Amino acid sequence: MAEKELRRNMAVLPIGTVRKLTDLTDRQIRYYEAQGLITPARTASNQRMYSLNDIDRLLEIKDYLLVGDSIANIKRIYAKQAQHESDNISAHQARQALQSEFLNLVGFKVNQNRKGL
DNA sequence: CTTCTTACA
DNA sequence: TGTAAGAA
């Protein structure tokens with residue numbers, strides 16, 4: 001389930017492809033980046049490389065703009081979204097820590113004493 | 001040929 | 001946002 005996200009985040013598309021896929025101009029795509037709405041990767045030759053998630057975000061941005069939302073507003077939306085993301089990660093880490101403690105308490109040895117299985 | 005940056009009659 | 005110029 002995490003491998004799929006990893007692939008979605010792989011930057012493999014040049015701006016030309018993104019332009020065709022989103023119907024946005026290069027100018028707009030670069031402008032939104034300048035505004036911090038997207039952060040495409042860069043190749044060794046400084047070429048921007050976009051991921052499938054970048055495409056989705058650009059399409060989303062286009063919709064927000066169409067409905068009349070401002071760049072500043074969209075920026076805040078993604079800022080809070082990132083906040084919730086990190087909150088979820090913390091919750092996940094907390095759960096793992098608790099499970100780890102639990103296993104030790106009960107006496108299980110993960111990755112140890114596997115011969116009996 | 002495609003993309004990058006910078007600048008503006 | 002568009003577009004031109006020069007470099008990469």
Side-chain angles (χ1 to χ4, degrees):
Chain A
M1 190 67 115
E3 298 301 308
K4 193 174 66 177
E5 255 308 291
L6 199 159
R7 269 188 287 275
R8 279 195 141 308
N9 281 313
M10 294 201 297
V12 295
L13 313 171
I15 198 168
T17 303
V18 178
R19 185 191 338 98
K20 293 174 183 172
L21 257 36
T22 63
D23 279 303
L24 290 169
T25 64
D26 309 22
R27 186 79 167 87
Q28 293 175 303
I29 298 171
R30 297 192 182 109
Y31 178 66
Y32 300 153
E33 173 186 359
Q35 299 310 303
L37 298 181
I38 53 175
T39 52
R42 292 290 186 131
T43 65
S45 54
N46 199 42
Q47 304 276 102
R48 274 171 260 253
M49 291 301 273
Y50 303 80
S51 69
L52 295 177
N53 281 330
D54 289 328
I55 300 295
D56 288 339
R57 170 160 292 198
L58 283 171
L59 257 22
E60 241 180 74
I61 293 172
K62 195 170 70 165
D63 289 338
Y64 280 132
L65 257 28
L66 238 56
V67 182
D69 284 355
S70 68
I71 296 287
N73 243 290
I74 301 173
K75 200 171 176 180
R76 290 166 193 149
I77 293 175
Y78 288 137
K80 292 201 170 185
Q81 207 171 81
Q83 263 300 306
H84 298 170
E85 295 283 330
S86 61
D87 286 347
N88 287 328
I89 291 178
S90 295
H92 178 258
Q93 295 178 326
R95 259 180 279 123
Q96 289 209 315
L98 285 176
Q99 176 177 31
S100 197
E101 279 187 41
F102 173 73
L103 291 177
N104 282 327
L105 275 175
V106 181
F108 276 109
K109 304 295 184 184
V110 182
N111 297 321
Q112 193 177 314
N113 299 325
R114 296 300 229 167
K115 298 163 190 168
L117 300 179

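Computed from a predicted structure; not experimentally measured. Residue numbering restarts at 1 for every chain, and letters A, B, ... go by the order of the sequence lines.
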Are the side chains of A/Pro40 and A/Glu33 in contact, using a 4.5 Å heavy-atom criterion?
yes
Distance col, row A/Leu65:CG vs A/Glu60:CD, nearest 0.5 angstrom, shows 12.0 Å
Discussion item. Side chains of A/Gln47 and A/Arg42, heavy atoms from C-beta outward: is any pair under 4.5 Å?
Written reply: no
Checking B/dC4, C/dG2, C/dT1 against the side chain of A/Ile15 (C-beta onward), the nearest is B/dC4
Closest to the side chain of A/Gln28, out of C/dG2, C/dT1, B/dC4, is C/dT1
Of the candidates B/dT3, C/dG2, C/dT1, the side chain of A/Tyr31 sits closest to C/dT1
Path from A/Ile55 to A/Ile38 over hydrophobic side-chain contacts below 4.5 Å: yes
A correct dot-bracket answer for DNA chain C, with pairs being Watson-Crick or G-U at under 3.5 Å, [ ] for crossing pairs and | for inter-strand pairs, is .|||||||
From the candidates C/dT1, B/dC4, C/dG2, the one with an atom nearest any side-chain atom of A/Arg30 is B/dC4
- Query: Heavy-atom distance under 4.5 Å between the side chains of A/Arg30 and A/Ile15, does that happen here?
  - Reply: yes
**Prompt:** Is the distance from OP1 or OP2 of B/dT2 to the nearest side-chain N or O of A/Arg19 less than 4.0 Å?
**Reply:** no
Can you find a heavy atom in the side chain of A/Leu58 that is under 4.5 Å from one in the side chain of A/Leu21? no
On a heavy-atom basis, the closest approach of A/Lys62 and A/Thr22 is NZ-O, 2.9 Å
* Asked: Under 4.0 Å between a side-chain N/O of A/Arg27 and OP1 or OP2 of C/dT3, yes or no?
  -> no
The correct set of residues in residues 44-78 of chain A placing a heavy atom under 4.0 Å from DNA chain B is A/Asn46, A/Gln47, A/Arg48
Q.
Is a donor from one side chain sitting under 3.5 angstrom from an acceptor on the other, for A/Ser51 and A/Asp54?
A. yes
Rounded to whole Å, the CG-C1' distance (A/Asp26 to C/dT3) equals 12 Å
